[in-house]
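Residue indices begin at 1 and follow the sequence shown.
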Amino acid sequence: MKYYLAIDIGATSGRHILGHFENNELKIEEIYRFDTPLVQDGNGHAYWDVDKLFTYVKEGMKKAKELNKIPSRIGIDTFGVDYALLDENNSRIGNITSYRDIRTRQAKKELLTPEKEFELTGIQPNEFNSCYQLYCDYKSGKLEKAKTIIFLPSYLGYLLTGTLQNELSILSTGALLTPGGKSYSKEMLDNLGLKESQFPPIVEAGTSLGKLLPEIEKEVGYQSEVIASLEHDTAAAFFGSGAKKGDILLSSGTWSLLGILLDEPIATKEAYKASFTNELSFPNEVRFLKNIIGMWIINNLVRELKLDSVLDAVKEANKEESKQYKFTFDASDSSLLNPLSMKEAIYDLLRKDGHELPSNIGELFYCAYHSLAKAYDTAIKGIEKITNKKASSIYIFGGGVKAEILNKLTEEVTGLKVNRGPSEATAIGTLLVISK
C-alpha cells in the first residue's frame with residue numbers, strides 16, 4: 001500500500017492526515033492532532049512558537065511509523081501571510097510574528113495608500129498582510145540582517161529537506177506580486193527596501209523538494225520525499241473540495257473565505273471597494289474572494305465564556321428564545337481579528353450601530369452565527385455585481401461545514417441552496433497534489 005501524508009496546519013489547530021488510494025478512491029485517516037502554538041503577551045503582540053510547531057510536525061510523522069504506514073511523500077500547508085527571516089547561515093532571525101499581532105496597525109497608515117496596494121498587487125489591504133509585517137521589520141532594522149524571506153510552510157519544508165523555496169499559492173498571500181502573480185511588484189519591494197534576490201525561488205505546487213535530511217530521517221525512523229503542495233491552506237481547500245469555475249465557494253474554518261475561481265484577477269476599483277482579493281492556486285488560477293473572520297469568532301467566545309465545546313454554543317443558539325434576537329454585526333470588521341475580549345468586541349460593534357445587546361449567551365451565539373450568514377450574503381451580492389452573474393447555490397467545505405446552524409442561516413439569509421462538501425478539504429487537496 002502506498003501512503004501519502006498531509007500535514008495541515010490551521011491557525012487554531014493542526015493535523016496529520018494519511019491518505020491512500022483504493023480503486024482510485026482516496027481514503028483518509030487522521031493520525032495526529034495538535035493545537036497550533038500561538039504565544040500572546042496580553043497586549044496585542046503574538047508570535048508562533050515555531051520550534052514547538054516543528055516538534056509537532058515530527059511527532060505526527062513518527063506516528064505514521066508507529067502505525068507501520070510509511071508515507072512515500074509528504075506535503076505541508078498552513079495559513080497565509082506569515083514568514084521567517086533567515087540570516088546568511090540560513091538560521092532564523094527571532095520569532096515568526098503572527099498575523100494577529102497589532103504591530104501592523106500603524107504600518108498600514110504609513111506604507112502605501114490602501115488603494116495603491118490593491119492596484120499594485122490585487123490583494124485587499126488587510127492590516128495583517130505580509131507587506132505590512134515586512135514594513136514593520138524594515139522600520140525596526142530587522143530586515144537589514146535578513147538574507148532570505150521564506151513563508152511559514154516553505155520554511156517548515158526547508159527544515160525537513162534543506163531546500164529553500166516559496167510555493168506560489170502561499171507567496172501570493174503576501175501582497176508582494178503583481179495581480180495574477182506574473183512577477184514581483186517592483187514598486188512594493190522598493191517601498192519595503194527589498195530585492196527579489198532576498199526571496200528563494202518560486203515553485204509551483206507539485207514540485208519535489210527532495211528527501212528528508214539525514215537527521216530528520218533518523219529521528220522519525222524512515223525516509224520520504226517532501227513535495228511542495230498547495231502550501232496555502234485555502235488554495236489546498238479549494239482544490240480538495242472539487243470546486244469548479246462558476247460555483248460560489250466557501251472555505252469555512254477559522255477564516256471564512258468566500259469567492260469564485262477565475263482565469264484572471266479582477267483588480268478594479270469596484271473590487272477594491274467591495275473588499276475582494278485575488279490569490280493564486282496554480283498559475284492562471286485566481287481565487288477571487290473575500291476574507292471573513294469565521295469560526296475564530298465562535299471558538300474565542302467558547303473559550304472566553306468557558307463553555308465545554310462548540311456543541312454547547314450551538315445548543316444555546318438553537319433555543320427558540322435565542323432566535324428572537326435579530327440584530328447582527330459586521331463579521332468582517334478588523335476589531336475581531338485578535339481582541340482581548342471577543343464578547344466586548346462584538347458588543348462594541350453592536351453599540352456602534354445602535355443595536356440592543358444580547359441578554360444571554362444563547363442570543364450572543366445566535367447573533368454571531370447570524371452575522372456570519374449576513375457577511376456571506378454581502379459577499380455573494382458583491383460577486384454577482386462585479387461579475388454580472390447570478391449565483392444559484394453555495395458550495396461549503398472545510399471544518400465549518402459541520403456547523404448546521406450556520407448552514408441553515410446561510411440558506412435563509414441568502415436564499416440560495418447550500419451544498420455541503422468535504423470537511424477535510426484542505427488535507428484532501430494537499431494529498432491530491434503530492435500523490436500526482
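- Taking the side chain as every heavy atom from C-beta outward, M188 and L192 approach each other to under 4.5 Å.
- Using modelled atom types, no side-chain atom of Y155 and backbone atom of L86 make a donor-acceptor pair closer than 3.5 Å.
- Residues D263 and N284 fail the side-chain proximity criterion, which asks for heavy atoms closer than 4.5 Å.
- Heavy atoms from other residues, nucleotides or ligands lying under 6.0 Å from NZ of K315 number 12 at most.
- For the atom pair N278 CG and Q124 CD, the distance stands at 9.5 Å (nearest 0.5 Å).
- Atom CG of L250 and atom CZ of F238 lie 8.0 Å apart (nearest 0.5 Å).
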* Can V302 and F365 be said to form a side chain to side chain contact (heavy atoms under 4.5 Å, CB included), step by step? -> CA-CA 9 Å; V302 167; F365 278 107; 4.0 Å; yes

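- The side-chain heavy atoms of L349 and D353, taken from C-beta on, include no pair separated by under 4.5 Å.
- Comment: R420 engages E404 in a salt bridge, judged by a side-chain N to carboxylate O separation of less than 4.0 angstrom.
- At a cut-off of 3.5 Å, with distance as the only test, a side-chain donor of E110 or Y135 sits close to an acceptor on the other residue.
- Residues E167 and T207 are not in side-chain contact: their nearest non-hydrogen atoms beyond the backbone lie 4.5 Å or more apart.
- For the 3.5 Å distance criterion, the side chains of D77 and T430 qualify, holding a donor opposite an acceptor.
- When all heavy atoms of S435 and L431 are compared, the pair lying nearest together is OG-O, 2.8 Å.
- Residues S172 and L177 come closest through the heavy atom pair CA-CD1, 4.0 Å.
- Distance alone, capped at 3.5 Å, is enough to place a donor-acceptor pair between the S371 side chain and the F329 backbone.
- The heavy-atom pair separating F276 from A379 by the smallest distance is CZ-O, 3.2 Å.
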Cut-off 3.5 Å, no hydrogens considered: what does the side-chain donor-acceptor table look like for residues 285-292, sequence neighbours left out?
from : atom 1 : to   : atom 2 : distance (Å)
R287 : NH1    : L280 : O      : 2.6
R287 : NH1    : S281 : OG     : 2.9
R287 : NH2    : H232 : ND1    : 3.1
R287 : NH2    : E279 : OE1    : 2.7

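- Counting only N and O atoms by type, the side chains of Q324 and Y366 include no donor and acceptor under 3.5 Å apart.
- Residues I394 and T414 form a side-chain contact, since some pair of their non-hydrogen atoms from C-beta on lies under 4.5 Å apart.
- The shortest heavy-atom contact between K195 and F199 is O-CD1, 3.7 Å.
- Between the T178 side chain and the S185 main chain, no donor and acceptor come within less than 3.5 Å of each other.
- In this structure, E411 contributes its side chain and N407 its backbone to no donor-acceptor pair below 3.5 Å.
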Going by atom type alone, with no hydrogens or angles, which donor-acceptor pairs under 3.5 Å involve a side-chain atom of residues 20-27 and a protein atom two or more places apart or on another chain?
from : atom 1 : to  : atom 2 : distance (Å)
H20  : NE2    : E22 : OE2    : 2.8

* Residues L432, F239; criterion side chain to side chain contact (heavy atoms under 4.5 Å, CB included); working and verdict -> CA-CA 8 Å; L432 290 175; F239 186 61; 3.7 Å; yes

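- Between the CD atom of E115 and the NZ atom of K273 there is a distance of 9.0 Å, given to the nearest 0.5 Å.
- Using modelled atom types, one side-chain atom of N166 and one backbone atom of F151 make a donor-acceptor pair closer than 3.5 Å.
- For the residue pair T163/Q165, the side-chain donor-acceptor check at 3.5 Å is not satisfied.
- When only modelled atom types and interatomic distance are considered, R103 and Q133 share a side-chain donor-acceptor pair under 3.5 Å.
- A donor-acceptor distance shorter than 3.5 angstrom exists from the side chain of T378 to the backbone of K374, with no hydrogens or angles considered.
- The main-chain N or O of F128 is never found under 3.5 Å from a side-chain atom of N126 such that the two would form a donor-acceptor pair.
- Atom NZ of K109 is surrounded by 12 or fewer heavy atoms from other residues, nucleotides or ligands within 6.0 Å.
- A donor-acceptor contact closer than 3.5 angstrom links the side chains of Q40 and N338.
- Using a 4.0 Å cut-off between a side-chain N of Lys or Arg and a carboxylate O of Asp or Glu, K381 and E384 do not qualify as a salt bridge.
- Distance alone, capped at 3.5 Å, is enough to place a donor-acceptor pair between the K108 side chain and the P125 backbone.
- Annotation: the span from Y138 atom OH to L143 atom CG amounts to 9.0 Å, rounded to 0.5 Å.
- Counting all heavy atoms, side chain and backbone alike, N129 lies closest to A175 at ND2-CB, 4.1 Å.
- When only modelled atom types and interatomic distance are considered, N318 and K408 share no side-chain donor-acceptor pair under 3.5 Å.
- For the pair L112 and N191, the minimum side-chain heavy-atom distance is below 4.5 Å.
- Remark: of the listed residues W48, Y99, Y47, W48 is the sole one forming a side chain to side chain donor-acceptor pair (under 3.5 Å) with D82.
- With H16 as the fixed residue, the ring-ring contact (aromatic ring centres under 6.0 Å, His included) test singles out one of Y56, Y32, Y3: Y32.
- To the nearest 0.5 Å, the span separating NZ on K319 from CG on N360 amounts to 7.5 Å.
- The minimum heavy-atom distance between L336 and W296, with the atom names listed, is O-NE1, 3.3 Å.
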* **Verdict with reasoning, F118 to T113, per side chain to side chain contact (heavy atoms under 4.5 Å, CB included)** => CA-CA 9 Å; F118 188 77; T113 64; over 6 Å; no

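- No more than 12 heavy-atom neighbours from other residues, nucleotides or ligands sit within 6.0 angstrom of NZ on K343.
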* Apply side chain to side chain contact (heavy atoms under 4.5 Å, CB included) to the pair I9 and F34, showing each step before the final yes or no. => CA-CA 9 Å; I9 303 172; F34 57 89; 4.0 Å; yes

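- With contacts defined as side-chain heavy-atom distances shorter than 4.5 Å, the pair I361/L301 does not qualify.
- Taken to the nearest 0.5 Å, the CG atom of D35 stands 6.5 Å off from the OG atom of S13.
- Classification of K116 and E119 as a salt-bridged pair holds, one side-chain N sitting under 4.0 Å from a carboxylate O.
- Under 3.5 Å, the side chains of T148 and Q198 contain no donor-acceptor pair of N or O atoms.
- If you check the side chains of E231 and T78, you find no donor sitting under 3.5 Å from an acceptor.
- Listed for the S98 side chain is no donor-acceptor partner under 3.5 Å among the backbone atoms of A46.
- A side-chain donor from one of Y376 and S256 sits under 3.5 Å from a side-chain acceptor of the other.
- With salt bridges taken as basic N to acidic carboxylate O contacts below 4.0 Å, one links E225 and R73.
- Salt-bridge formation is not detected for the pair K352/D348: no Lys NZ or Arg NE/NH1/NH2 atom is positioned less than 4.0 Å from an Asp or Glu carboxylate oxygen.
- D8 places no side-chain N or O within 3.5 Å of a backbone atom of R15 that could act as its donor or acceptor partner.
- Contact of the P358 side chain with the L350 side chain is registered, since non-hydrogen atoms from C-beta on lie closer than 4.5 Å.
- Side chains of T254 and T12: a donor on one and an acceptor on the other come within 3.5 Å.
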